[in-house]
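Note sheet for the following structure.
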Amino acid sequence: MKIKRVIIRRLQMRMKEPFETSFGREEEKDFLLVRVDTGHSEGYGECTASLAPLYSEETTATAQQMLTTWFVPALLGQEIAHPDEVRQRLRPFRRNQMAKAALETAIWDAFAKEQGLSLAKALGGNKAEVQVGISVGIQSTTLQLLEKIEGYLLQGYKRIKVKIRPGWDLEILRAIRKQFPEIALMADANSAYRLQDLDHLIRLDEFGLTMIEQPLAHDDIIDHAALQAKLQTPICLDESIHSTEDAKKAIAVGACQVINVKVGRLGGLTEARELQALCAQQNTPVWCGGMLEAGVGRLTNLAVTSLPGFVLPGDTAPSARYFDEDIIDPPVCFVKPGIISVPEGAGIGAYVREDRVEKFTVDRVELSS
Ligand code: OSB
Ligand code: MG
């Protein structure tokens, strides 16, 4: 397989509602869509970096810069026998995982299409359907949050995750538990606390949470281990894990009992698959996180969730969660309440609507060999 041409587009899509976390508020989806052409097939990859460097250091603009200056030129015109080789070729360039993943997932899609396989099958996935949870952002009032959660439960979501931060934690969790005592519930702090908040964090144990996601610093593993030793609630790491190596170390020191897998944060599908295999071997459950993706990213997430190590519901909601008009056809939908089927068509398994892509495009760069 030869990479003959790469098109990098920057898209802006209005979201149906804003999404607020401890690190900020996102009102518009600003992202890159990468298309690769091999002469025999085309593949698409979505970049999970956003406008501002708040979740991680990457942004849409830095990812575009890295791709056009370094990552695409390193692969253009090269013969690639298998997408696993992409990680190796991009290894000399440090970090910038989301930029790397956008290109690598596009190459995986093109590869799967050339093989006539779904991306899920090409990766070795063995699930036909996956269970879906939802991540609920910070709201203006507790009542509003409870109403939102009630609506999502009616739609069939299998697990509710709420965003927390100091001042939006104990009180809302108490209210949720009072109204919905039995639901699978978890909280994601996006690094809003420090180890000195230990006494406060221990109080979260009373809510029977399935896990607490990334309570401490985005670049920490050691303090999470100290916290986990004092906490009954399992810790799930998100921001701190950028590779299989990171996961190995975090598990070894007891920093987490669960890992949130994001293909972008890990630099691609090859790494995500390897991390999943490690965790399955170590009996550490993993699940697929989300980055408010549009359709291409959502389909990539579904494919990776079909791998055997993904045993918990992911943040892989249908397209309609954020977008009235997705860039894929058909959009991602529930087949049963809280259940999405893994597409069986070649590659990501849906058509990319070039007309809509065009409509949302604000910048375009084309590189060819
Ligand atoms: O921490 O998992 C996170 C969204 C943007 C950045 C970080 C996170 C999230 C979510 C939303 O929790 C998941 C989704 O619905 O895509
Ligand atoms: Mg998270």
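Note that ligands are numbered from 1 as they come in the structure, with each ligand's atoms numbered from 1 the same way. Bear in mind that the values here come from a model prediction, so they are computed numbers and not experimental data.
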Would you mind checking which non-hydrogen protein atom is closest to atom 6 (C) of ligand 1, with the distance to 0.1 Å?
Met291 SD, 3.6 Å

Using 2.8 Å as the threshold, say whether any N, O or S atom from Glu239 sits that close to the Mg ion (ligand 2).
no

Surrounding CZ of Arg364 (heavy atoms of other residues, nucleotides or ligands, distance under 6.0 Å), is the total greater than 12?
yes

Residue and atom name of the nearest protein heavy atom (relative to atom 1 (O) of ligand 1), distance in Å to one decimal
Asn190 ND2, 2.8 Å

Going by the 4.0 angstrom heavy-atom rule, the piece of Asp188 near ligand 1 is side chain

Of the choices Gly290, Ala317, Ser50, Ser22, which has the non-hydrogen atom that lies closest to atom 13 (C) of ligand 1?
Gly290

For atom 2 (O) of ligand 1, closest protein heavy-atom neighbour:
Lys262 NZ, 2.9 Å

Describe, in one word, how the ring planes of Phe93 and Phe71 are oriented to each other, choosing from parallel (under 30°), tilted (30 to 60°) and perpendicular (over 60°).
tilted

min-distance protein heavy atom vs atom 16 (O) of ligand 1 -> Leu292 N, 2.8 Å

Let me see the working for Glu104 and Thr270 under side chain to side chain donor-acceptor pair (under 3.5 Å), right down to the final yes or no.
CA-CA 9 Å; Glu104 194 245 23; Thr270 298; 3.0 Å; yes

Suppose we measure from atom 4 (C) of ligand 1 to each protein heavy atom; which comes out shortest, and what is that distance?
Phe19 CE2, 3.6 Å

Please say whether Asn260 places an N or O atom under 3.5 Å from an N or O atom belonging to ligand 1.
no

Among the N, O or S atoms of Glu213, the one nearest the Mg ion (ligand 2):
OE2

Using a strict 4.0 Å cut-off to heavy atoms of Lys163, name the atoms of ligand 1 that fall inside it.
1 (O), 2 (O), 3 (C), 8 (C), 9 (C), 10 (C), 12 (O)

Asp363/Gln64 under side-chain contact (heavy atoms from CB on, under 4.5 Å): CA gap, chis, key distance, verdict:
CA-CA 10 Å; Asp363 192 21; Gln64 184 169 338; 2.9 Å; yes

Should Phe23 be counted as touching ligand 1, given the test is an N or O pair under 3.5 Å?
no

Given 3.5 Å as the limit, does a donor-acceptor pair link the side chain of Thr62 with the main chain of Glu58, or not?
no

Hey, is the main chain of Ala294 close enough, under 3.5 Å, to the side chain of Glu46 for a donor-acceptor pair?
yes

Measure Lys161 to ligand 1 on non-hydrogen atoms and call it side chain, backbone, both or neither using the 4.0 Å cut-off.
side chain

Using heavy atoms and a threshold below 4.0 Å, how should the contact between Arg321 and ligand 1 be classified: side chain, backbone, both, or neither?
neither

Short N or O distance, Asp238 and ligand 1, threshold 3.5 Å exclusive
yes

Are the ring centres of Tyr44 and Tyr351 closer than 6.0 Å?
no

So, regarding Arg298 and ligand 1 (criterion: nitrogen or oxygen to nitrogen or oxygen, under 3.5 Å), is there a contact or not?
no

Without swapping roles, check the side chain of Arg87 against the backbone of Lys100 for a donor-acceptor pair under 3.5 Å.
no

For the Mg ion (ligand 2), angle spanned by Asp238 OD2 and Asp188 OD2 (nearest 10°) is 180°

Nearest heavy-atom neighbours spanning Thr142 and Trp168:
N-CH2, 4.0 Å

Proximal atoms of ligand 1 relative to Ser135 (non-hydrogen, under 4.0 Å):
10 (C), 11 (C), 12 (O), 13 (C)

Single hit among Lys163, Arg165, Gln214 for side chain to side chain donor-acceptor pair (under 3.5 Å) with Asp188
Lys163

Ligand 1 versus Thr21, non-hydrogen atoms closer than 4.0 Å: side chain, backbone, both, neither?
neither

Could you tell me whether Gln214 approaches ligand 1 through its side chain, its backbone, both or neither, with non-hydrogen atoms closer than 4.0 Å?
neither

Using the ring of each side chain (for Trp, its six-membered ring), is Trp108 parallel, tilted or perpendicular to His82, with breaks at 30° and 60°?
perpendicular

Do Lys262 and Cys288 touch side chain to side chain, with heavy atoms closer than 4.5 Å?
no

